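One structure is given here, and the rest of the page talks about it.
These numbers were taken from a predicted model, which means no experiment stands behind them. Below, each value reflects all heavy atoms present in this structure, side chains not excepted, and no hydrogens, waters or symmetry copies. Counting from 1, the numbers follow the sequence of the chain as shown.
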Amino acid sequence: MSVAGWGEIVAFMVVLVAVAIPLGGYMARVYSGQQVLLSRVLGPVERLTYTLLRVDPGREMDWKAWARNIILFSLAGWVLLFLILRTQSIHPLSSYGGVPFRSAPWDVTFNTVSSFITNTNWQYYGGETTMTYVSQMAGLAVQNFLSAAVGIVVAIALIRGIVGRSGKSLGNFWADLVRTVLYVLAPIAVIGALILISQGVIQNFNHYLTATGPTGIHQTIAQGPVASQEVIKNLGTNGGGFFNTNAAHPYENPNGLTNFIEMLLVLMIPAALVFTYG
C-alpha cells in the first residue's frame, strides 16, 4: 500500500474517534432525558409525537413489555411496507420515461420487507429498475430510519440492563425510538444529504434520461431522490441502495470525499455507542 493510502487510513481513524467521542456523550444525554442543543427546536415535536402515540415517556418498561412493544411495532411496519411494495402500479410517479413500474413477485417482496424490518436490508433487486420513487422514499428509506432506530434502542436497553443488573427497568421503548429518530438519525441525515448533494449526488424527481453512446448503444440513465436515501442507508449500516450497484454507482458516490464521508457514516454510531455506554 502507498504512503497516501496509509495516510488516508490514519486520517479516517482520527476523524472517526474525533466524531465518536462527542457523539457518544450527546447520545448518552439524549437517552437519559437531559436537555441537548436541539431540545429547544425538537422538544415540541417530541412531545407532540408522544401525545399522538399516547405514550408516557417516563413510564419504565421491564423486558417483557419492552419486547412486546418492539414486536408489535415491527409487525405493523412489516405489513405497511409489504402493502407499499405490492401496490407500485398505482403509485404517483410510477412511470419514468414511459415505462411503468410493476410490483416485484410476492416472494421477492416478502424477502425485501423481512430484511428491511430486521435491519439486514438484503438487496435482492435492482433498485432503479424495480422500485418506484414512492417505494424508495415512503417504504425503504422510512424503514432505513426505523429499523436502524430499533437496533440502536436495543443497544440502549442492553446498556440499561447491564447497568441496572436486571431486566426490570429498561426505559421506555417508544421514548427511545422517538428520540433516536429526532435527535440522532434525522439531524445527521439532513446534514449529510446536503453535503452529498453539494458533491454531485443527485436528488430529484425527474424522469429517467435516455442517451445513445458513441458506440451506438442505447441506454437509460436513472434519476431520483438518491442523496436523502444514501445517507440513512449508510448511517443505519443498512443495505438497500437506490441503485443496484449501491455506492459503486457515481450518482450515489461520485468522488473520494463522498466515499470518505459515507464510510464515516457507516461507523460513527457504532463507535459512538461505545462512549455512550461509558
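Residues Leu185 and Thr180 form a side-chain contact, since some pair of their non-hydrogen atoms from C-beta on lies under 4.5 Å apart. Side-chain contact between Phe173 and Arg68 is absent, with no heavy atoms from C-beta onward closer than 4.5 Å. No side-chain heavy atom of Asn253 sits less than 4.5 Å from a side-chain heavy atom of Val201. Put simply, the side chain of Gln123 reaches to within 4.5 Å of the side chain of Tyr125, judged on heavy atoms. At least one side-chain heavy atom of Leu182 sits under 4.5 Å from a side-chain heavy atom of Val45. Considering only heavy atoms from C-beta on, Leu16 comes within 4.5 Å of Leu264 through its side chain. Taking the side chain as every heavy atom from C-beta outward, Leu170 and Asp62 never approach each other to under 4.5 Å. Between Tyr133 and Pro92 the shortest side-chain heavy-atom distance does not fall below 4.5 Å.
Closest approach of Ile221 to Ala211, counting heavy atoms only: CD1-CB, 4.2 Å. In terms of heavy-atom proximity, Arg59 sits nearest to Asn172 at O-ND2, 2.9 Å. Across all their heavy atoms, Trp174 and Asn69 have their closest contact at NE1-OD1, 2.7 Å. Here the shortest heavy-atom pairing between His218 and Thr210 reads CE1-CB, 3.7 Å. Smallest separation of non-hydrogen atoms from Ala247 and Glu230: CB-OE2, 4.0 Å. The nearest pair of heavy atoms linking His91 to Thr87 is CD2-O, 3.0 Å.
For Phe82, the ring-ring contact (aromatic ring centres under 6.0 Å, His included) partners at least two apart in sequence or on another chain are Trp78. For Glu262, there are no salt bridge (Lys or Arg N to Asp or Glu O under 4.0 Å) partners, not counting sequence neighbours.
In the hydrophobic clustering of this structure, Ile202 does not group with Leu194; members are Ile, Leu, Val, Met, Phe, Trp, Tyr whose side-chain heavy atoms approach within less than 4.5 Å, directly or through other members. Both Ile261 and Leu267 belong to a common hydrophobic cluster when Ile, Leu, Val, Met, Phe, Trp and Tyr are linked at side-chain heavy-atom distances under 4.5 angstrom. Both Leu53 and Val142 belong to a single network of hydrophobic side chains, linked directly or stepwise wherever heavy atoms of I, L, V, M, F, W or Y lie under 4.5 Å apart. Linking ILVMFWY residues whenever their side-chain heavy atoms come closer than 4.5 Å, directly or via other members, leaves Leu48 and Val36 in distinct clusters. Under the 4.5 Å side-chain heavy-atom criterion for Ile, Leu, Val, Met, Phe, Trp and Tyr, Val181 and Phe73 are members of the same hydrophobic cluster.
Note that the CZ atom of Arg179 and the CG atom of Asp176 stand 6.5 Å from one another [nearest 0.5 Å]. Separation of atoms CD (Gln143) and OG (Ser74) is listed at 8.0 Å; rounding is to 0.5 Å. The CG atom of Asn234 lies 11.0 Å from the CD1 atom of Ile269; values are rounded to the nearest 0.5 Å. We find the OG-CZ distance between Ser135 and Arg86 to be 11.0 Å, quoted to the nearest 0.5 Å. The distance from atom CD1 of Ile117 to atom CG of Leu146, rounded to the nearest 0.5 Å, is 8.0 Å. Atom CD1 of Ile84 and atom CD of Gln136 lie 12.0 Å apart (nearest 0.5 Å).
Heavy atoms of other residues, nucleotides or ligands lying less than 6.0 angstrom from OH of Tyr50 number more than 12. By the neighbour-count criterion of 12 heavy atoms within 6.0 Å, atom CD of Glu46 is densely surrounded, having more than that number from other residues, nucleotides or ligands. More than 12 heavy-atom neighbours from other residues, nucleotides or ligands sit within 6.0 angstrom of CZ on Phe260. By the 6.0 Å contact criterion, CG on Leu37 is open, its count of non-hydrogen atoms from other residues, nucleotides or ligands being 12 or less.
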One pair to check against side chain to side chain contact (heavy atoms under 4.5 Å, CB included): Phe145 and Leu235. What are the steps and the verdict?
CA-CA 9 Å; Phe145 273 96; Leu235 189 61; over 6 Å; no

| message | I'd like to know whether His249 forms a side chain to side chain contact (heavy atoms under 4.5 Å, CB included) with Phe242, so could you lay out the CA-CA distance, the side-chain angles of the two residues, the decisive distance to 0.1 Å, and finally the verdict. | response | CA-CA 9 Å; His249 197 290; Phe242 196 95; over 6 Å; no

Would you sort out whether Ile9 and Trp6 count as a side chain to side chain contact (heavy atoms under 4.5 Å, CB included), showing the intermediate values? CA-CA 5 Å; Ile9 292 174; Trp6 282 110; 4.2 Å; yes

* Ile232/Ile188 under side chain to side chain contact (heavy atoms under 4.5 Å, CB included): CA gap, chis, key distance, verdict -> CA-CA 9 Å; Ile232 190 58; Ile188 300 174; over 6 Å; no

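When only modelled atom types and interatomic distance are considered, Asn246 and Glu252 share no side-chain donor-acceptor pair under 3.5 Å. Between the side chains of Trp122 and Asn111, no donor-acceptor pair of N or O atoms lies under 3.5 Å. Under the 3.5 Å distance criterion, with hydrogens and angles disregarded, no donor-acceptor pair is assigned to the side chains of Gln199 and Thr258. Remark: the Gln88 side chain and the Ser103 side chain contain no N/O donor-acceptor pair separated by less than 3.5 Å. Counting only N and O atoms by type, the side chains of Gln219 and Thr212 include no donor and acceptor under 3.5 Å apart.
Side chain of Thr120 to main chain of Phe116: no donor-acceptor pair is present (N/O by atom type, distance under 3.5 Å, no hydrogens or angles). In this structure, Thr118 contributes its side chain and Ser115 its backbone to a donor-acceptor pair below 3.5 Å. With hydrogens and angles disregarded, no donor-acceptor distance shorter than 3.5 Å links the side chain of Tyr26 to the backbone of Val184. Remark: side-chain polar atoms of Tyr208 are paired, donor with acceptor, to backbone N or O of Glu128 under 3.5 angstrom. With Gln223 contributing its side chain and His207 its backbone, the two residues share no donor-acceptor pair below 3.5 Å.
Screening Asn144, Thr237, Thr112 for a side-chain contact (heavy atoms from CB on, under 4.5 Å) involving Asn121 leaves a single residue, Asn144.
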N/O donor-acceptor pairs under 3.5 Å from side chains in residues 270-278, not counting sequence neighbours:
unit_1, atom_1, unit_2, atom_2, d
Thr276, OG1, Gly24, O, 2.9
Thr276, OG1, Ala272, O, 3.1

